[in-house]
Amino acid sequence: MLAARMHGYKQPLVLEQINVPEIAPDQVLVKVGGAGMCRSDVQLIDGYFAEALKSTFPLTPGHEIAGLIAEIGKQVPASAQLAVGDQVVVAAGWGDGVCRQCRVGNEQLCDHGSWPGFGPPGGYAEFIPVPYRQLIRVEHRQKWEDLAPLTDAGVTPYRGIKKLRAAGVLGPDRVMGVFGASGLGSYAVQYAKLLSAGATVVAFARNDEKLAIAKERGADATINTRGKSLADIQQELFKLTGARKLDAAIDCVGAEETIQTGIGLLHTSGAFVSVGLVGTKINIPLFPFTAGELTYHGSFWANYSDLQEVLALAQRGKIQHSIKRIQFRDINENLELLRAGDIIGRAVIVFDVPWDGSDAGSAKS
Ligand SMILES: [Zn+2]
């Protein structure tokens, strides 16, 4: 099979023929139909996670994966209800199953966890072995490019916004900010509208083309923050919404500058959630944070149930996608575009695998 693999940091991926992986008895072989391309793949290649992951090479990246079941391991129980030819998405965050985090369902937080594409082989290949418990069967078949990104870009902001909802800062008379309007941000504005019980949703980014998509996806207002001071942005926010402050905000970028802006715009008792990871540190003034009783949530990826919920929304047509379809052979040039921030929406590698069920009988070929 063809795979695009890392042989070291800061090098292009090598597209090469390797053997189709053998599966363990509790694994399922998935024929990859779609693999989303994430900014964290660029970070992986650049060595951002080198300390945390201690990767060995060659490594196949790709953690947003949808595909067809090609083969089922001998110990996969019938109760899993998986069959060859089924369309599935891969929940990432594979925990040990026994720690406190795993027991409450947050396998993505497991201390002994792993993530496909960050150690175990990922979706930048024609086949991938997956533990059977990490698959979700898709009832009504959907296009690869609409399914694959749900497993990260389409679910990570969903979990983050659930935390804001639980914090009690969303409602009809509230204003919520979404920072970033790329892969994650264009999904975040939709969940902001779906989960905020009527709050005014404002998207903030530095690119008008991306903000136009956020508007199409349901943002009530957009603000281009490029070159503007916090006071400028507050003024613009006031003009657009009648409020100078935000009750809630989600940061999908993870740059120090966007987080400072977001926290700076937060109202007394406001809540902020970070899902983006670009920078390495945050620097927030302490007095307004403590005296204003602000809350800062970290939110990491999503758990299996979050993905089931997002998939349920997608299956009912409640999620709109902004996708750039990519040919597998063009992966390296698109990683460069991703690095430069020049991809609008989510880039998804779409493999030559029918999504509509017409290939179900010949999944392993
Ligand atoms: Zn665990």
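Quantities reported herein were computed from a predicted structural model and do not represent experimental measurements. When a ligand or atom number is given, it counts from 1 through the structure's own listing order.
Checked against salt bridge (Lys or Arg N to Asp or Glu O under 4.0 Å), K54 has the following partners two or more places apart in sequence or in another chain: E51.
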Which donor-acceptor pairs under 3.5 Å do the side chains of residues 7-23 make with protein atoms, sequence neighbours left out?
from: H7; atom 1: NE2; to: E16; atom 2: OE2; distance (Å): 2.7
from: E16; atom 1: OE2; to: R5; atom 2: NE; distance (Å): 2.8
from: E16; atom 1: OE2; to: R5; atom 2: NH2; distance (Å): 3.3
from: Q17; atom 1: OE1; to: M1; atom 2: N; distance (Å): 3.4

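Salt bridge absent: K74 and D26 never bring a charged side-chain N and a carboxylate O closer than 4.0 Å.
Checked against a 6.0 Å centroid threshold, the rings of F118 and H63 count as neighbours. Aromatic rings from Y187 and Y158 are positioned such that their centres are separated by 6.0 Å or more.
For a distance threshold of 2.8 Å, the protein N, O or S atoms nearer than that to the Zn ion (ligand 1), listed by chain and number, are D96 OD1, C99 SG, C102 SG, C110 SG.
Hydrophobic cluster of I344: the remaining members, joined at side-chain heavy-atom separations below 4.5 Å, are I213, listed by chain and number.
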